[in-house]
Peer 1: 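Here it is, the structure, as structure tokens.
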There are 2 protein chains.
Amino acid sequence: MPTTPRPNYSATSLLDVAVRVFNERGYDGTSMGDLATALGITKSSIYHHVAGKEALLGLALDRALSALFAVLDEPASTTGRPRDRLEHVVRRSVAVLDAELPFVTLLLRVRGNTPTEQEALERRREFDRRVADLVARAVADGDLRADLDPALVTRLLFGTVNSLVEWYRPGRGSSAEEVADTLVEMTFRGLER
Amino acid sequence: MPTTPRPNYSATSLLDVAVRVFNERGYDGTSMGDLATALGITKSSIYHHVAGKEALLGLALDRALSALFAVLDEPASTTGRPRDRLEHVVRRSVAVLDAELPFVTLLLRVRGNTPTEQEALERRREFDRRVADLVARAVADGDLRADLDPALVTRLLFGTVNSLVEWYRPGRGSSAEEVADTLVEMTFRGLER
DNA sequence: GTCTATAAATTGATAGAC
DNA sequence: GTCTATCAATTTATAGAC
């Protein structure tokens, strides 16, 4: 009897379809009618499962954020040299992106138009702060270059990770592991030579 | 007497405000009423200047794409070693992002919902193809690592560049030159050591 | 759990006066 | 160049039957 609200199976299965359509047409560009068509039911039936369009968005964003924050709590993210913990967080973030692509894609496109979106943006900023702390520690350890601004490096590094949602598709082209390997090689060791 | 359609001054000044609002609320999330409020005129008056909402989007996307393609035609992008031409295109793309931030931001968020958006996406793909060609030549020259997939590297590299629109703001924090320097250092020479 | 029917508001866009 | 007034279509959401 968990005290945290849990979506039941029906709401969850709705969510997969809804998030797919949100990503295809954009959240604002998707009407409840579009969702109904994609689901094969009527608009009215959707309201039996969820309170409305924004509640659907909230469930999706929560799923993405939960998966990303879980990475920060993994043992390899909290133990060992900060440089290695950083690489672990980067690789595991790519893995989360692979496993939860539609949800993370939606998260990264949120602009803060509604309270639901603003809350998600605040949680994203908290994630960024924790990664920035890792980068700063790795620089202080002498494992990462000290001539580059840690805050700037953090943004560029996770900018690279997040940009994957623009083109990466599971099962097509490079695997998530290949992408993570190449991303880490490029950013940690460089393209040159 | 140019044969190409040119927005007059009024249409151009409308565009700056419209693009700012599009980026704040999302294109689909912006109604003509929202635009009218931001412009301080009525909805009807907007139609005196432009054919409609989508025409406004088309003008904005064209401005971003023109600026990006101009970079590819600069002498330093077509002459010299491919590796140096690639670095030049990266640095100049950051500069375009700085100079035309609202327009490029809008471009990078387009999903292809309408013919206008689909045309913009096709031009973006053409830009990516030309950069990918540059990366492949630099690898063939032995100037970039041959153990990394050129197509993958292209996507990661410009994913990093494009991610700047998520946080970079002209005149606040790092300058565009500092960002470009750090971005090139990280991706070409690596964060380590 | 899904439906039909419908409400109430908002949407992009036009007509025509000033 | 901007306005008021208005339209037809679409939007989110609800009521209530099956």
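Note: hydrogens, waters and symmetry copies are ignored here, and every other heavy atom, side chains too, is used. In what follows, every chain begins at residue 1, and chains take the letters A, B, ... in the order their sequences are listed.
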Peer 1: Assess whether one donor atom and one acceptor atom, taken from the side chain of B:S44 and the base of D:dT4, lie less than 3.5 Å apart.
Peer 2: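 For B:S44, whose side chain was compared with the base of D:dT4, there is a donor-acceptor pair (under 3.5 Å).
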Peer 1: To the nearest Å, how far apart are B:K43 NZ and D:dC7 P?
Peer 2: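 Value for this atom pair: 13 Å.
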Peer 1: Send over the distance from A:L35 CG to D:dA13 C1', rounded to a whole Å.
Peer 2: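 In whole Å, D:dA13 C1' lies 14 Å from A:L35 CG.
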Peer 1: B:Y47 side chain N/O closer than 4.0 Å to the phosphate oxygens (OP1, OP2) of C:dA13?
Peer 2: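 Answer yes for this pair, as a side-chain N or O of B:Y47 is under 4.0 Å from OP1 or OP2.
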Peer 1: Between A:A51 and A:D34, just flag the one whose closest nucleotide in DNA chain D comes earlier from the 5' side.
Peer 2: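 This one resolves to A:D34.
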Peer 1: Is the shortest side-chain heavy-atom distance between A:L86 and A:L157 below 4.5 Å?
Peer 2: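 Counting from C-beta outward, A:L86 and A:L157 do come under 4.5 Å.
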Peer 1: Expressed as a whole number of angstroms, how long is the span from B:L39:CG to D:dC3:C1'?
Peer 2: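 Spelled out: CG on B:L39 to C1' on D:dC3 is 15 Å.
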Peer 1: Output the rounded distance in Å from CD1 (B:I46) to P (C:dT14).
Peer 2: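 Those two atoms, CD1 and P, are 13 Å apart.
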Peer 1: Please report the distance, rounded to the nearest Å, between NE2 in B:H48 and C1' in C:dC18.
Peer 2: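 Atom NE2 in B:H48 sits about 14 Å away from atom C1' in C:dC18.
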Peer 1: Just to confirm, is there a sub-4.0 Å distance from OP1 or OP2 of D:dT2 to any side-chain nitrogen or oxygen of B:T42?
Peer 2: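 False: B:T42 side-chain N/O out of range (4.0 Å or more) of D:dT2 OP1/OP2.
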Peer 1: Can you tell whether the side chains of B:E122 and B:R129 come within less than 4.0 Å, N to carboxylate O?
Peer 2: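 The answer is yes: the pair qualifies as a salt bridge.
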Peer 1: B:H49 has an atom NE2; how far is it from atom C1' of C:dG12, in whole Å?
Peer 2: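 From B:H49 NE2 to C:dG12 C1': 17 Å.
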Peer 1: Hey, could you give me the CZ/CG distance between B:R83 and B:D141, rounded to the nearest 0.5 Å?
Peer 2: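 Rounded to the nearest 0.5 Å, the CZ-CG separation comes out at 11.5 Å.
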Peer 1: Between D:dT12 atom C1' and A:K53 atom NZ, what is the distance in whole Å?
Peer 2: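 A:K53 atom NZ is separated from D:dT12 atom C1' by 9 Å.
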Peer 1: Please say whether the positively charged group of A:K53, taken as NZ for Lys or CZ for Arg, lies over the ring of A:Y27, i.e. under 6.0 angstrom from the six-membered ring centre and within 45 degrees of the axis.
Peer 2: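 Ring-cation test returns yes.
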Peer 1: Which whole-number value in Å describes the distance from B:M32 CE to D:dA5 C1'?
Peer 2: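 Spelled out: CE on B:M32 to C1' on D:dA5 is 17 Å.
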Peer 1: Checking all strands, does A:S31 fall into the base, sugar-phosphate, or nothing category for heavy-atom contacts under 4.0 angstrom?
Peer 2: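 Counting heavy atoms under 4.0 Å across all strands, the contact made by A:S31 is with sugar-phosphate only.
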